[in-house]
Amino acid sequence: MDFAFTGTVWFWRGPAPWHFVTVPDGASDGLAAISLAVSYGWGMIPATVRIGASEWPTALWPKDGGYIVPVKAWVREAEGIDVDDVVTVRLMVAAHGLSSGS
């Protein structure tokens, strides 16, 4: 599964604060459909993410029936990203038996 979407960066102020972009509902539905084949536990889905020229391995977090993409500090710095910025996110999710173009 390989797709791109546009979303707004938001900040979670929990005990371990993070910045995220929410995966749109339609794409989250597709991720949920393959989650049993790709998840390594707690519903986390391993993925390679690209924003601008920055690419990194991470895991998509389940939230409220969908998924969110954590955006690391070095990526925000490299790409000049702040809270409420709209970014284009490319997600690449693959599992044994699934091609990246599915």
Asker: Would you say that V69 contacts F20 through its side chain, given a criterion of any heavy-atom pair below 4.5 Å between the two side chains?
Answerer: no
Asker: How would you list, by chain and number, every residue that makes a salt bridge (Lys or Arg N to Asp or Glu O under 4.0 Å) with E55, sequence neighbours excluded?
Answerer: R50
Asker: V89 versus V49: any side-chain heavy-atom pair under 4.5 Å?
Answerer: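 They are in contact (side-chain heavy atoms under 4.5 Å apart), so the answer is yes.
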Asker: Identify the heavy atoms of G43 and P62 that sit nearest to each other, and give their distance.
Answerer: O-CD, 3.7 Å
Asker: State whether the side chain of S28 and the backbone N or O of Y67 hold a donor-acceptor pair below 3.5 Å, judged by distance alone.
Answerer: yes
Asker: What about I68 and V83, same hydrophobic cluster or not, with Ile/Leu/Val/Met/Phe/Trp/Tyr joined at side-chain heavy-atom distances under 4.5 Å?
Answerer: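 The answer is no; the residues belong to distinct hydrophobic clusters.
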Asker: Quick one: does V21's side chain get under 4.5 Å of F5's, heavy atoms only?
Answerer: yes
Asker: Flag yes if W61 and F11 sit in one hydrophobic cluster, no otherwise; membership is Ile, Leu, Val, Met, Phe, Trp, Tyr, and two members link when side-chain heavy atoms are under 4.5 Å apart.
Answerer: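 As far as the 4.5 Å side-chain criterion goes, F11 and W61 are not connected within one cluster.
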Asker: Test H19 against W12 for side-chain contact (heavy atoms from CB on, under 4.5 Å), laying out the working first.
Answerer: CA-CA 6 Å; H19 290 75; W12 181 67; over 6 Å; no
Asker: Same cluster or not: I51 versus V86, using hydrophobic residues (I, L, V, M, F, W, Y) connected whenever any side-chain heavy atoms lie under 4.5 Å apart?
Answerer: no
Asker: I'd like to know whether L91 forms a side-chain contact (heavy atoms from CB on, under 4.5 Å) with M1, so could you lay out the CA-CA distance, the side-chain angles of the two residues, the decisive distance to 0.1 Å, and finally the verdict.
Answerer: CA-CA 8 Å; L91 289 179; M1 185 173 198; over 6 Å; no
Asker: Testing the basics here: between V38 and P46, what is the closest heavy-atom pair and its distance to 0.1 Å?
Answerer: O-CD, 3.1 Å
Asker: Would you kindly say whether W56 and T48 are connected by a side-chain donor-acceptor distance under 3.5 Å?
Answerer: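 The answer is no; no qualifying pair exists.
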Asker: Do V87 and V9 come close enough that some side-chain heavy atom pair is under 4.5 Å?
Answerer: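 Yes, side chains in contact.
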Asker: Once rounded to the nearest 0.5 Å, what's the spacing between atom CG of D84 and atom CD1 of I81?
Answerer: 13.0 Å
Asker: Salt bridge or not for R76 and D85, using N-O below 4.0 Å?
Answerer: no
Asker: Looking only at heavy atoms, which two atoms of I45 and L31 are closest? And how far apart?
Answerer: CD1-O, 3.8 Å
Asker: Kindly give the heavy-atom pair with the smallest separation between A53 and E79, and that separation in Å.
Answerer: N-OE2, 3.1 Å
